[in-house]
2 protein chains.
Amino acid sequence: MQTDAPTRGRGRPPEGVREAILATTLELIAEQGLARLTTRAIARHANVSEASIYYHFADKPALIEGVILDAVLRPLREFAASFPARAAGKSVRDALLDYGLALESFWTRVLPVLSAVQADAELRERFQERINELGLGPHRGVNAISTYLGERQRAGAVRGDVDTRTAAMSFASACFLSAYQRHMLGARTRRKLPSLSSVIGALADLVAVD
Amino acid sequence: MQTDAPTRGRGRPPEGVREAILATTLELIAEQGLARLTTRAIARHANVSEASIYYHFADKPALIEGVILDAVLRPLREFAASFPARAAGKSVRDALLDYGLALESFWTRVLPVLSAVQADAELRERFQERINELGLGPHRGVNAISTYLGERQRAGAVRGDVDTRTAAMSFASACFLSAYQRHMLGARTRRKLPSLSSVIGALADLVAVD
DNA sequence: GTCTATACTTTGATAGAC
DNA sequence: GTCTATCAAAGTATAGAC
């Protein structure tokens with residue numbers, strides 16, 4: 001029952017089709033997971049035909065893999081780039097708080113995609129290869145914060161007897177668990193873990209020079 | 001081309017069919033994920049007909065849900081039951097090490113299933129409901145270890161100025177991150193995080209009275 | 001309670017007009 | 001570059017014999 005546009009789509013500019021497919025696919029993966037994701041659903045939600053999907057992507061796995069990798073690498077780059085700025089001119093405690101909350105929200109963005117990867121053996125294998133090639137993984141975050149703590153330690157702001165690598169691991173993993181709980185049990189669930197802020201605060205008290 | 005058993009199966013006792021279906025389904029979910037799991041594959045690997053699946057289970061979602069829930073609750077019960085025994089007569093350090101490694105391997109068992117849950121929106125919703133009803137979640141582990149540390153603190157084996165809840169959170173989350181990295185990047189991947197033992201050891205040094 | 005055979009539905013992917 | 005229409009394959013689920 002379209003009254004005025006018999007020849008072209010219902011408002012989507014033709015050149016946005018590829019981007020619409022990518023964005024919609026990511027959205028659907030995050031919302032409903034990979035198990036029942038169909039090309040038909042992607043096409044409908046993106047206001048596009050299924051054929052267009054196969055014009056832009058070789059097949060369904062190629063589309064998924066592209067979306068997944070991008071959905072991990074993009075937030076990662078943004079986050080990594082923001083790190084130096086976060087610490088600048090702050091106390092150790094404030095820097096850790098700021099960094100920790102950012103780390104938690106990074107994981108909150110990425111976890112739905114990581115879970116989707118685990119749902120398909122082929123995808124998982126390719127993803128692991130790619131991540132290993134790039135040398136990525138949680139150790140990156142641990143190393144970054146460990147380096148930061150080391151610097152502050154030499155500057156006398158962190159207690160000399162603290163093992164910065166262990167402290168960094170505790171810190172990073174608390175952020176991760178916090179994000180994972182929300183991911184697994186849903187945002188509406190009442191949080192029964194100590195708040196991330198309080199845990200980071202307590203860790204800061206342990207490592208920082210008073 | 002069966003030469004000797006025209007009427008009955010190739011060795012599976014008829015009464016084991018239901019169990020075989022359950023075990024095989026879990027195995028396949030852990031191995032290849034939920035996205036491409038078919039009733040045909042389950043039947044083949046379990047050496048059973050597809051029809052038998054539908055005799056024992058209402059439909060595919062019902063089968064999956066049963067398997068999933070069992071695969072989380074069973075290890076959880078076993079693990080929870082083993083906890084008191086782990087701490088008995090040990091130093092704080094040894095108890096934490098023992099508990100931590102057990103916690104890591106608990107997560108290693110359960111994570112593949114939790115990831116599968118995230119791959120299907122309907123499954124995720126039912127799972128979250130059930131978990132919330134039962135009051136489960138990572139906070140259980142944190143509470144248990146926090147209680148343990150509190151007792152040892154009153155006994156003088158843990159430093160009085162330690163916040164046991166924060167320490168427990170750090171401890172539990174390190175175990176979780178350790179397991180998650182292996183889950184996500186594969187067991188063969190060279191571990192680039194500090195070993196869990198070393199992190200737990202360092203945490204124990206921080207909280208235990210020398 | 002389990003099987004074989006099959007009905008029905010959905011899915012990924014392609015052909016061809018515009 | 002995008003669409004409509006269509007196909008072959010794969011998927012879930014059922015019927016009926018034993």
Side-chain angles (χ1 to χ4, degrees), chain A residues 1-25 28-29 32-68 116 119-123, chain B residues 1-25 28-29 32-68 116 119-123:
Chain A
M1 279 304 184
Q2 294 161 257
T3 53
D4 61 333
T7 56
R8 206 73 79 63
R10 282 141 302 195
R12 175 172 312 289
E15 69 274 12
V17 170
R18 189 195 162 93
E19 285 65 32
I21 293 169
L22 287 166
T24 302
T25 303
L28 289 177
I29 288 176
Q32 31 156 280
L34 198 59
R36 304 194 201 185
L37 181 66
T38 66
T39 51
R40 174 172 308 201
I42 295 170
R44 253 210 295 268
H45 282 82
N47 229 331
V48 147
S49 77
E50 284 192 78
S52 288
I53 295 177
Y54 289 95
Y55 175 80
H56 288 286
F57 302 92
D59 53 13
K60 197 191 172 195
L63 165 62
I64 304 293
E65 196 186 349
V67 169
I68 293 280
D120 183 282
E122 201 180 307
L123 190 59
Chain B
M1 274 303 193
Q2 294 160 260
T3 53
D4 62 333
T7 55
R8 206 75 76 66
R10 281 142 303 197
R12 175 173 312 289
E15 69 274 12
V17 169
R18 189 194 161 93
E19 285 66 31
I21 293 170
L22 287 168
T24 302
T25 303
L28 289 177
I29 287 175
Q32 28 157 281
L34 196 60
R36 304 196 200 185
L37 182 65
T38 66
T39 51
R40 175 173 305 199
I42 295 170
R44 253 210 296 268
H45 282 82
N47 229 332
V48 149
S49 76
E50 284 192 76
S52 288
I53 295 177
Y54 290 95
Y55 175 79
H56 288 285
F57 302 91
D59 52 15
K60 197 191 171 195
L63 165 61
I64 304 293
E65 195 185 349
V67 169
I68 293 279
D120 184 282
E122 200 179 307
L123 190 58

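All values below come from the heavy atoms of this structure, side chains included, with hydrogens, waters and symmetry mates left out. Just so we're on the same page: letters track the sequence lines, and every chain starts at 1. Please read these numbers as outputs of a predicted model, since none were measured by experiment.
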* Worked verdict on B:Thr39 versus B:Tyr54 for side-chain contact (heavy atoms from CB on, under 4.5 Å) -> CA-CA 9 Å; B:Thr39 51; B:Tyr54 290 95; 3.3 Å; yes
Do any side-chain nitrogens or oxygens of [X] fall under 4.0 Å of OP1 or OP2 in [N]?
X       : N      : answer
A:Tyr54 : C:dA13 : yes
A:Ser52 : D:dC3  : yes
A:Thr39 : C:dG12 : yes

Tell me: [atom1] of [X] to [atom2] of [N], nearest whole Å?
X        : N      : atom1 : atom2 : value
B:Leu37  : D:dA10 : CG    : C1'   : 14 Å
B:Arg44  : D:dT12 : CZ    : P     : 12 Å
A:Arg36  : D:dA10 : CZ    : P     : 21 Å
B:Asp120 : D:dG11 : CG    : C1'   : 15 Å
A:Arg40  : C:dT11 : CZ    : C1'   : 7 Å
A:Ile53  : D:dG1  : CD1   : P     : 16 Å
A:Glu19  : D:dT2  : CD    : P     : 9 Å

Heavy atoms from C-beta onward define the side chain here; which of [options] lies closest to that of [X]?
X       : options                : result
A:Ser49 : D:dT12, D:dC3, D:dG1   : D:dC3
B:Glu50 : D:dA13, D:dG11, C:dG12 : D:dA13
B:Val48 : C:dC3, D:dT4, C:dT11   : C:dC3
A:Ala51 : D:dC3, D:dT12, D:dA15  : D:dC3

Looking at [atom1] of [X] and [atom2] of [Y], how far apart are the two atoms once the value is rounded to the nearest 0.5 Å?
X        : Y       : atom1 : atom2 : result
B:Asp120 : B:Leu37 : CG    : CG    : 11.5 Å
B:Ile21  : B:Leu63 : CD1   : CG    : 7.5 Å
B:Thr24  : B:Glu19 : OG1   : CD    : 11.0 Å
B:Phe57  : B:Arg18 : CZ    : CZ    : 4.0 Å

* To do: Any side-chain hydrogen bond (donor to acceptor under 3.5 Å, both in side chains) involving residues 56-68 of chain A? Give me the pairs, sequence neighbours left out, ordered by first then second residue.
  => A:Glu65-A:Arg126
* With sequence neighbours left out, write down each residue that passes side chain to side chain contact (heavy atoms under 4.5 Å, CB included) with B:Arg40, or none if nothing qualifies. => B:Thr38, B:Arg44, B:Glu50
* Asked: When you measure from every atom of DNA chain D, which of residues 56-64 of chain A have a heavy atom less than 4.0 Å away?
  -> A:His56
* To do: Remember a base hit wins even if backbone is also touched, and classify B:Ile42 as base, sugar-phosphate or nothing at under 4.0 Å, heavy atoms.
  => nothing
* To do: For B:Ile21, answer base if it contacts any base atom (sugar-phosphate contacts may also be present), sugar-phosphate if it contacts only those atoms, and nothing otherwise; contact means non-hydrogen atoms under 4.0 Å.
  => nothing
